[in-house]
Amino acid sequence: MELAHLRRASTARPPSLTSPMTDPALRLGTDIVDVRSVEASIQRFGRRYLERVYTDAEIAYCSSGANGGADRFAARFAAKEATLKVLRPTDWRPEWRHIEVVRQDGGWCEIQLRGPAATLAKEQRIQIVSCSLAHEQSYATAVVLGSYRAPTTDSLSSPDHA
Amino acid sequence: MRDRIRSVLRQHAQLAQTIEELSDEADLYRAGLTSHATVNVMLALEDEFEIEFPESLLLRRTFGSVRAIEEALSSVPSPSSRS
(Lines give C-alpha, C1' and ligand atoms only; values in the text may rest on other atoms or scores of the structure.)
Protein backbone atom coordinates (compact mmCIF):
# COMPACT_ATOMS: atom_id res chain seq x y z
CA MET A 1 0.00 0.00 0.00
CA GLU A 2 2.81 2.32 0.83
CA LEU A 3 4.51 1.41 -2.44
CA ALA A 4 1.36 2.21 -4.36
CA HIS A 5 1.26 5.57 -2.66
CA LEU A 6 4.85 6.25 -3.67
CA ARG A 7 4.10 5.25 -7.26
CA ARG A 8 1.19 7.65 -7.36
CA ALA A 9 3.33 10.39 -5.90
CA SER A 10 6.11 9.82 -8.42
CA THR A 11 3.77 10.06 -11.40
CA ALA A 12 1.77 13.01 -10.12
CA ARG A 13 3.32 16.26 -11.35
CA PRO A 14 2.77 19.65 -9.87
CA PRO A 15 1.31 22.22 -12.29
CA SER A 16 4.65 23.97 -12.63
CA LEU A 17 6.22 20.82 -14.13
CA THR A 18 3.72 20.33 -16.94
CA SER A 19 6.23 21.06 -19.70
CA PRO A 20 9.68 20.31 -18.31
CA MET A 21 11.51 20.29 -21.65
CA THR A 22 10.56 23.81 -22.64
CA ASP A 23 9.77 25.32 -19.27
CA PRO A 24 11.80 23.67 -16.52
CA ALA A 25 10.77 24.50 -13.00
CA LEU A 26 14.21 23.86 -11.59
CA ARG A 27 17.73 24.75 -12.62
CA LEU A 28 20.79 23.02 -11.21
CA GLY A 29 24.33 24.33 -11.23
CA THR A 30 27.52 22.64 -10.10
CA ASP A 31 31.23 23.33 -10.15
CA ILE A 32 34.47 21.85 -8.88
CA VAL A 33 37.61 23.77 -7.95
CA ASP A 34 41.17 22.63 -7.31
CA VAL A 35 42.04 23.74 -3.76
CA ARG A 36 45.73 24.01 -4.67
CA SER A 37 44.85 26.49 -7.40
CA VAL A 38 43.08 28.71 -4.88
CA GLU A 39 45.97 28.36 -2.46
CA ALA A 40 48.37 29.44 -5.21
CA SER A 41 46.19 32.46 -6.06
CA ILE A 42 46.17 33.57 -2.43
CA GLN A 43 49.95 33.24 -2.25
CA ARG A 44 50.50 35.02 -5.57
CA PHE A 45 47.94 37.84 -5.38
CA GLY A 46 47.07 38.00 -1.67
CA ARG A 47 44.34 40.41 -0.59
CA ARG A 48 43.83 41.60 -4.18
CA TYR A 49 42.64 38.15 -5.17
CA LEU A 50 40.49 37.72 -2.08
CA GLU A 51 38.85 41.15 -2.28
CA ARG A 52 38.09 40.76 -5.98
CA VAL A 53 36.26 37.48 -5.55
CA TYR A 54 34.95 37.15 -1.99
CA THR A 55 32.89 39.36 0.31
CA ASP A 56 34.30 40.67 3.58
CA ALA A 57 32.20 38.16 5.54
CA GLU A 58 33.43 35.27 3.36
CA ILE A 59 37.03 36.38 3.81
CA ALA A 60 36.61 36.65 7.60
CA TYR A 61 35.10 33.18 7.89
CA CYS A 62 37.35 31.35 5.44
CA SER A 63 40.56 32.96 6.73
CA SER A 64 39.86 31.54 10.17
CA GLY A 65 40.25 28.02 8.79
CA ALA A 66 43.38 25.89 8.79
CA ASN A 67 46.15 26.77 6.31
CA GLY A 68 44.54 30.08 5.37
CA GLY A 69 41.22 28.47 4.52
CA ALA A 70 42.00 27.71 0.87
CA ASP A 71 39.57 24.77 0.96
CA ARG A 72 36.77 27.02 2.23
CA PHE A 73 37.53 29.69 -0.36
CA ALA A 74 37.57 27.03 -3.09
CA ALA A 75 34.16 25.75 -2.03
CA ARG A 76 32.78 29.28 -2.16
CA PHE A 77 34.24 29.90 -5.59
CA ALA A 78 32.60 26.68 -6.76
CA ALA A 79 29.29 27.89 -5.28
CA LYS A 80 29.57 31.24 -7.07
CA GLU A 81 30.23 29.52 -10.39
CA ALA A 82 27.44 27.02 -9.77
CA THR A 83 25.11 29.96 -9.11
CA LEU A 84 26.15 31.55 -12.42
CA LYS A 85 25.28 28.27 -14.14
CA VAL A 86 21.81 28.57 -12.65
CA LEU A 87 21.45 32.24 -13.62
CA ARG A 88 22.84 31.64 -17.13
CA PRO A 89 24.07 35.11 -18.02
CA THR A 90 24.41 35.26 -21.78
CA ASP A 91 27.37 37.59 -22.00
CA TRP A 92 27.82 40.11 -19.22
CA ARG A 93 28.25 38.41 -15.87
CA PRO A 94 27.88 39.71 -12.31
CA GLU A 95 30.92 40.23 -10.15
CA TRP A 96 31.81 37.29 -7.94
CA ARG A 97 31.30 39.46 -4.85
CA HIS A 98 27.65 39.94 -5.75
CA ILE A 99 27.11 36.24 -5.09
CA GLU A 100 27.74 35.52 -1.44
CA VAL A 101 27.79 32.23 0.42
CA VAL A 102 26.28 32.90 3.83
CA ARG A 103 27.01 30.30 6.48
CA GLN A 104 24.17 29.66 8.87
CA ASP A 105 24.61 28.91 12.57
CA GLY A 106 23.64 25.30 11.98
CA GLY A 107 26.57 24.87 9.58
CA TRP A 108 24.69 24.81 6.29
CA CYS A 109 25.07 27.57 3.72
CA GLU A 110 22.76 29.74 1.67
CA ILE A 111 23.34 31.92 -1.38
CA GLN A 112 22.64 35.61 -1.13
CA LEU A 113 22.52 37.67 -4.31
CA ARG A 114 23.20 41.38 -4.39
CA GLY A 115 23.21 44.21 -6.92
CA PRO A 116 23.39 43.10 -10.55
CA ALA A 117 23.32 39.41 -9.60
CA ALA A 118 20.01 39.91 -7.80
CA THR A 119 18.70 41.91 -10.76
CA LEU A 120 19.72 39.15 -13.17
CA ALA A 121 17.93 36.54 -11.04
CA LYS A 122 14.80 38.67 -10.96
CA GLU A 123 14.87 39.19 -14.73
CA GLN A 124 15.33 35.46 -15.25
CA ARG A 125 12.56 34.71 -12.72
CA ILE A 126 14.97 32.55 -10.76
CA GLN A 127 15.08 32.14 -7.02
CA ILE A 128 18.09 30.38 -5.53
CA VAL A 129 16.50 27.91 -3.16
CA SER A 130 19.32 25.72 -1.91
CA CYS A 131 23.04 25.06 -2.09
CA SER A 132 25.45 22.47 -0.81
CA LEU A 133 29.22 22.79 -0.50
CA ALA A 134 31.84 20.15 0.15
CA HIS A 135 35.61 20.16 0.27
CA GLU A 136 38.50 17.95 1.11
CA GLN A 137 42.23 18.33 0.78
CA SER A 138 42.47 18.58 -3.01
CA TYR A 139 39.08 19.57 -4.37
CA ALA A 140 36.03 21.58 -3.43
CA THR A 141 32.63 21.33 -5.02
CA ALA A 142 29.22 22.97 -4.80
CA VAL A 143 25.72 22.36 -6.07
CA VAL A 144 23.18 25.17 -6.35
CA LEU A 145 19.48 24.75 -7.00
CA GLY A 146 17.32 27.45 -8.51
CA SER A 147 13.57 27.59 -8.88
CA TYR A 148 12.30 29.03 -12.12
CA ARG A 149 8.85 30.46 -12.48
CA ALA A 150 7.64 30.93 -16.02
CA PRO A 151 5.53 34.00 -16.76
CA THR A 152 2.46 31.99 -17.68
CA THR A 153 -1.14 33.10 -17.32
CA ASP A 154 -1.68 30.39 -14.71
CA SER A 155 1.22 31.55 -12.58
CA LEU A 156 -0.03 35.11 -12.70
CA SER A 157 -3.59 34.23 -11.70
CA SER A 158 -2.94 31.47 -9.16
CA PRO A 159 -3.23 32.54 -5.51
CA ASP A 160 -0.15 30.39 -4.80
CA HIS A 161 1.94 32.74 -6.89
CA ALA A 162 0.64 36.02 -5.57
CA MET B 1 51.56 43.40 -26.48
CA ARG B 2 50.69 39.89 -27.64
CA ASP B 3 53.98 38.50 -26.36
CA ARG B 4 53.26 39.91 -22.91
CA ILE B 5 49.72 38.51 -23.00
CA ARG B 6 51.07 35.11 -23.99
CA SER B 7 53.62 35.27 -21.19
CA VAL B 8 50.82 35.90 -18.66
CA LEU B 9 48.78 33.04 -20.12
CA ARG B 10 51.80 30.74 -20.00
CA GLN B 11 52.21 31.41 -16.28
CA HIS B 12 48.59 31.60 -15.11
CA ALA B 13 46.11 30.07 -17.56
CA GLN B 14 46.87 26.42 -16.73
CA LEU B 15 45.86 25.35 -20.22
CA ALA B 16 45.77 21.77 -21.41
CA GLN B 17 47.99 22.85 -24.32
CA THR B 18 51.03 25.11 -24.42
CA ILE B 19 50.22 28.65 -25.42
CA GLU B 20 52.68 28.34 -28.31
CA GLU B 21 50.38 25.78 -29.90
CA LEU B 22 47.48 28.20 -29.98
CA SER B 23 46.79 30.91 -32.52
CA ASP B 24 45.79 34.41 -31.46
CA GLU B 25 42.19 33.53 -32.27
CA ALA B 26 42.13 30.12 -30.57
CA ASP B 27 39.39 29.63 -27.96
CA LEU B 28 41.16 29.60 -24.61
CA TYR B 29 38.18 28.01 -22.82
CA ARG B 30 38.29 25.12 -25.25
CA ALA B 31 42.00 24.90 -24.53
CA GLY B 32 41.23 24.36 -20.85
CA LEU B 33 40.93 27.83 -19.30
CA THR B 34 38.78 27.46 -16.18
CA SER B 35 36.75 30.13 -14.42
CA HIS B 36 39.19 30.21 -11.53
CA ALA B 37 42.22 30.43 -13.80
CA THR B 38 40.49 33.36 -15.51
CA VAL B 39 40.70 35.27 -12.21
CA ASN B 40 44.44 34.66 -12.08
CA VAL B 41 44.86 35.71 -15.70
CA MET B 42 42.87 38.87 -15.05
CA LEU B 43 44.91 39.84 -11.98
CA ALA B 44 48.20 39.01 -13.69
CA LEU B 45 47.24 41.11 -16.73
CA GLU B 46 46.43 43.98 -14.38
CA ASP B 47 49.90 43.67 -12.87
CA GLU B 48 51.62 43.35 -16.22
CA PHE B 49 49.86 46.30 -17.86
CA GLU B 50 49.24 48.37 -14.70
CA ILE B 51 45.53 48.64 -15.32
CA GLU B 52 42.35 47.52 -13.61
CA PHE B 53 39.65 45.75 -15.56
CA PRO B 54 36.34 47.58 -15.11
CA GLU B 55 33.20 45.61 -14.33
CA SER B 56 32.00 46.23 -17.88
CA LEU B 57 34.81 44.02 -19.16
CA LEU B 58 34.13 41.11 -16.82
CA LEU B 59 32.80 39.14 -19.74
CA ARG B 60 33.51 35.57 -20.68
CA ARG B 61 34.56 36.70 -24.13
CA THR B 62 37.05 39.24 -22.73
CA PHE B 63 39.40 36.38 -21.92
CA GLY B 64 38.33 34.08 -24.74
CA SER B 65 41.44 34.43 -26.91
CA VAL B 66 44.75 36.26 -27.14
CA ARG B 67 43.21 38.67 -29.62
CA ALA B 68 40.15 39.26 -27.40
CA ILE B 69 42.42 40.05 -24.45
CA GLU B 70 44.44 42.42 -26.61
CA GLU B 71 41.28 44.25 -27.69
CA ALA B 72 40.06 44.47 -24.11
CA LEU B 73 43.38 45.83 -22.87
CA SER B 74 43.36 48.43 -25.63
CA SER B 75 40.01 49.68 -24.37
CA VAL B 76 41.12 50.08 -20.74
CA PRO B 77 42.61 53.50 -19.95
CA SER B 78 46.06 53.34 -18.40
CA PRO B 79 46.54 55.07 -15.01
CA SER B 80 48.57 57.88 -16.63
CA SER B 81 45.70 58.71 -18.99
CA ARG B 82 43.14 58.99 -16.20
CA SER B 83 42.20 62.45 -15.04
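Chain letters run A, B, ... following the sequence lines, proteins first and then strands; every chain starts at 1. No hydrogens, no waters, no symmetry mates; every other heavy atom, side chains included, goes into these values.
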Trainee: Do W108(A) and V102(A) sit in the same hydrophobic cluster, where Ile, Leu, Val, Met, Phe, Trp and Tyr count as joined when their side-chain heavy atoms come under 4.5 Å apart?
Mentor: no
Trainee: Would Y61(A) and I59(A) show up in the same hydrophobic cluster when neighbours are defined by side-chain heavy atoms closer than 4.5 Å?
Mentor: no
Trainee: Would you say that more than 12 heavy atoms from the other residues, nucleotides or ligands in this model lie under 6.0 Å from the CZ of R67(B), or not?
Mentor: yes
Trainee: Of all the residues in residues 126-144 of chain A, which have a heavy atom that comes within less than 4.5 Å of a heavy atom in chain B?
Mentor: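 Near chain B, by residue number: none.
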Trainee: Got a list of side-chain donor-acceptor pairs under 3.5 Å for residues 44-51 of chain A, not counting sequence neighbours?
Mentor:
residue	atom	partner	partner atom	Å
R47(A)	NE	E51(A)	OE2	3.2
R47(A)	NH2	E51(A)	OE2	3.1
R48(A)	NH1	D47(B)	OD1	2.8
R48(A)	NH1	D47(B)	OD2	3.3
R48(A)	NH2	L43(B)	O	3.0
R48(A)	NH2	E46(B)	OE1	3.1
R48(A)	NH2	D47(B)	OD1	3.4
Y49(A)	OH	Y54(A)	OH	2.8
Y49(A)	OH	H36(B)	NE2	2.6

Trainee: Tell me, for A44(B) versus chain A, whether the close heavy atoms (under 4.5 Å) come from the side chain, the backbone, both or neither.
Mentor: both
Trainee: Mind checking the NE2-OG spacing from H12(B) to S37(A)? Nearest 0.5 Å is all I need.
Mentor: 11.0 Å
Trainee: Within this structure, what is the CD1-OG1 distance for the pair I32(A) and T34(B), rounded to the nearest 0.5 Å?
Mentor: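 One finds 11.5 Å between CD1 of I32(A) and OG1 of T34(B).
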Trainee: Is atom CZ of R10(B) surrounded by more than 12 heavy atoms (other residues, nucleotides or ligands) closer than 6.0 Å?
Mentor: yes
Trainee: Treating Ile, Leu, Val, Met, Phe, Trp and Tyr as nodes and any side-chain heavy-atom pair under 4.5 angstrom as an edge, say whether V35(A) and I42(A) lie in one connected cluster.
Mentor: no
Trainee: Same cluster or not: are V41(B) and Y29(B) linked, directly or through other Ile, Leu, Val, Met, Phe, Trp or Tyr residues, by side-chain heavy atoms under 4.5 angstrom apart?
Mentor: yes
Trainee: Please state whether the side chain, the backbone, both or neither of P116(A) comes within less than 4.5 Å of a heavy atom of chain B.
Mentor: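 The answer is the side chain of P116(A).
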